[in-house]
K.L.:
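So that we are looking at the same thing, I have put the structure below in structure tokens.
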Amino acid sequence: MSEKFKNILKLILIVVILVLILILIVNYFNKNKISKNINQIKQIENKNNNDLNDIKVIEKDSVVEDKKIAKPESVLPASTVSDSSIRSFKTIIANQNEFSPQIITAYKNDIIDFYIQAIDKDYDFFQPDYGYTLKISKGETKRVQFQVTAEGKFMFYCKSCGGPDKGPIGYIIVKSK
């Protein structure tokens, strides 16, 4: 092999090694960024845990003094062979980086049903535990409906607004009967 060809091979090898090192560095920083975001979400959840653990499932005839908690407009049997209900709530308003109301309560296996309206800009409704995503353009109202199949406290937020640490957040509180 000629000396020129050997030098080209060495140069290609050096470039490949540098690219691999660059990929490893970028991957390392992305993992740290993801870990940081997960930690921020956990901090937000922990901060609100104490306040949310005491919330009971709100019934249609309940008196609700806290404006953050949604009161169902109707609670109807989901079927004649189960004790699940369809809980229909008033429209949730997305405005000025807030959801209002921001807490929905239900029993395990209930179907929650509500509308969400974007007032001042585009929003989305993202609920990662149930894999639910819905984009709502400014001025639009869209329906959200799904069955809550597990007990717990489930955060929803506007992913496109910057996630739970920047955008509006809310919770779905699911209790056993």
Side-chain angles (χ1 to χ4, degrees), residues 30 33-34 36-49 51-79 82-175:
N30 279 341
K33 186 176 180 182
I34 290 169
K36 182 180 175 187
N37 288 343
I38 289 170
N39 286 337
Q40 287 174 338
I41 290 170
K42 286 180 181 176
Q43 285 174 353
I44 290 168
E45 287 181 342
N46 288 337
K47 185 175 91 174
N48 292 313
N49 259 347
D51 298 338
L52 299 175
N53 287 338
D54 296 333
I55 294 176
K56 293 180 173 47
V57 175
I58 305 300
E59 296 298 339
K60 181 182 180 225
D61 55 352
S62 298
V63 175
V64 182
E65 294 180 17
D66 190 343
K67 300 281 187 207
K68 292 180 182 180
I69 301 173
K71 179 179 175 180
E73 291 184 311
S74 67
V75 179
L76 302 171
S79 76
S82 79
D83 64 345
S84 299
S85 298
I86 300 172
R87 295 179 168 276
S88 297
F89 296 87
K90 290 184 177 183
T91 300
I92 292 179
I93 303 297
N95 189 30
Q96 297 180 350
N97 254 13
E98 285 189 4
F99 290 127
S100 180
Q102 60 189 165
I103 299 171
I104 295 171
T105 61
Y107 289 111
K108 181 179 174 186
N109 294 321
D110 282 353
I111 296 169
I112 58 172
D113 181 37
F114 60 92
Y115 289 87
I116 186 162
Q117 182 179 21
I119 301 294
D120 61 336
K121 65 178 185 175
D122 295 350
Y123 288 89
D124 58 47
F125 174 88
F126 179 64
Q127 204 306 303
D129 301 294
Y130 287 99
Y132 202 100
T133 302
L134 182 67
K135 300 217 177 283
I136 309 112
S137 298
K138 179 181 176 179
E140 261 188 333
T141 302
K142 289 197 177 175
R143 187 177 192 177
V144 174
Q145 184 181 59
F146 61 94
Q147 186 172 23
V148 290
T149 56
E151 293 177 49
K153 178 185 67 140
F154 304 96
M155 180 189 291
F156 61 89
Y157 54 92
C158 177
K159 192 174 184 181
S160 65
C161 300
D165 55 327
K166 291 187 180 181
I169 62 169
Y171 294 93
I172 301 167
I173 309 293
V174 182
K175 307 266 182 166

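Keep in mind that this is a model prediction, so the values were computed, not measured.
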K.L.:
Classify the ring geometry between F99 and F156 as parallel (under 30°), tilted (30 to 60°) or perpendicular (over 60°).
P.N.:
tilted

K.L.:
Examine the side chains of D110 and S84 and answer whether a donor and an acceptor come within less than 3.5 Å of each other.
P.N.:
no

K.L.:
Would you check if there is a donor-acceptor pair between the side chains of K121 and N95 at a distance under 3.5 Å?
P.N.:
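No, because no side-chain N or O of N95 sits under 3.5 Å from a partner of the opposite role on K121.
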
K.L.:
Say whether Y132 and D129, considering side chains only, have a donor N or O and an acceptor N or O under 3.5 Å apart.
P.N.:
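There is no such pair (donor and acceptor under 3.5 Å, judged by atom type) between the side chains of Y132 and D129.
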
K.L.:
Evaluate side chain to side chain contact (heavy atoms under 4.5 Å, CB included) for Q127 paired with I172, printing each intermediate quantity in order.
P.N.:
CA-CA 9 Å; Q127 204 306 303; I172 301 167; 4.2 Å; yes

K.L.:
Taking the six-membered ring of F126, is NZ or CZ of K159 closer than 6.0 Å to its centre and within 45° of its axis?
P.N.:
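That pair qualifies as a cation-pi contact.
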
K.L.:
Determine the minimum heavy-atom distance between E73 and K60, stating which atoms define it.
P.N.:
O-CE, 2.9 Å

K.L.:
For the CG atom of D124 and the OG atom of S160, what is their distance to the nearest 0.5 Å?
P.N.:
3.5 Å

K.L.:
Please confirm whether the ring centroid of F125 lies under 6.0 Å from the ring centroid of Y115.
P.N.:
no

K.L.:
Which value, rounded to the nearest 0.5 Å, describes the distance between I136 atom CD1 and L134 atom CG?
P.N.:
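I136 CD1 to L134 CG: 4.5 Å, rounded to 0.5 Å.
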
K.L.:
Measuring from atom OH of Y157 to atom CG of N97, what distance do you get when rounded to the nearest 0.5 angstrom?
P.N.:
14.5 Å

K.L.:
Between I116 and T141, does the side chain to side chain contact (heavy atoms under 4.5 Å, CB included) criterion hold? Intermediate values first, please.
P.N.:
CA-CA 5 Å; I116 186 162; T141 302; over 6 Å; no

K.L.:
Under the side chain to side chain contact (heavy atoms under 4.5 Å, CB included) criterion, do I112 and V144 qualify, and how do the steps go?
P.N.:
CA-CA 8 Å; I112 58 172; V144 174; 5.7 Å; no

K.L.:
In the structure I gave you, are the side-chain heavy atoms of K138 and I119 within less than 4.5 Å of one another anywhere?
P.N.:
no

K.L.:
Crowded around Q102 CD? As in, over 12 foreign heavy atoms under 6.0 Å?
P.N.:
yes

K.L.:
What is the distance from atom NZ of K175 to atom OG1 of T105, rounded to the nearest 0.5 Å?
P.N.:
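Taking NZ in K175 and OG1 in T105, the distance rounds to 9.5 Å.
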
K.L.:
Is F114 close to S88 at the side-chain level, that is, under 4.5 Å between some pair of heavy atoms?
P.N.:
no

K.L.:
How many angstroms lie between atom NZ of K135 and atom CG of D122, to the nearest 0.5 angstrom?
P.N.:
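With rounding to 0.5 Å, NZ (K135) is 9.0 Å from CG (D122).
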
K.L.:
So does K68 have more than 12 non-hydrogen atoms from other groups sitting under 6.0 Å from NZ?
P.N.:
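For K68, atom NZ is not crowded (no more than 12 foreign heavy atoms under 6.0 Å).
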
K.L.:
Are the charged groups of D113 and R143 less than 4.0 angstrom apart, N to O?
P.N.:
yes

K.L.:
Report the C-alpha distance between I173 and I69 in whole Å, list the side-chain angles of each, state the deciding distance to 0.1 Å, and finish with yes or no for side chain to side chain contact (heavy atoms under 4.5 Å, CB included).
P.N.:
CA-CA 10 Å; I173 309 293; I69 301 173; over 6 Å; no

K.L.:
Roughly how far apart are K71 NZ and D66 CG, rounded to 0.5 Å?
P.N.:
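The NZ atom of K71 sits 13.5 Å away from the CG atom of D66.
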
K.L.:
Ignoring hydrogens and angles, tell me if any N or O in the side chain of R87 forms a donor-acceptor pair with the backbone of I58 under 3.5 Å.
P.N.:
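Present.
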
K.L.:
Which heavy atom of V174 sits nearest a heavy atom of A150, and at what distance?
P.N.:
CG1-O, 3.2 Å

K.L.:
Hey, which of P164, C161, C158 is the one that makes side-chain contact (heavy atoms from CB on, under 4.5 Å) with I169?
P.N.:
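The passing option is P164.
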
K.L.:
My understanding is that only one of Y130, Y171, F146 makes a ring-ring contact (aromatic ring centres under 6.0 Å, His included) with F154; could you say which?
P.N.:
Y130

K.L.:
Side-chain contact, heavy-atom cut-off 4.5 Å: I104 with V148?
P.N.:
no

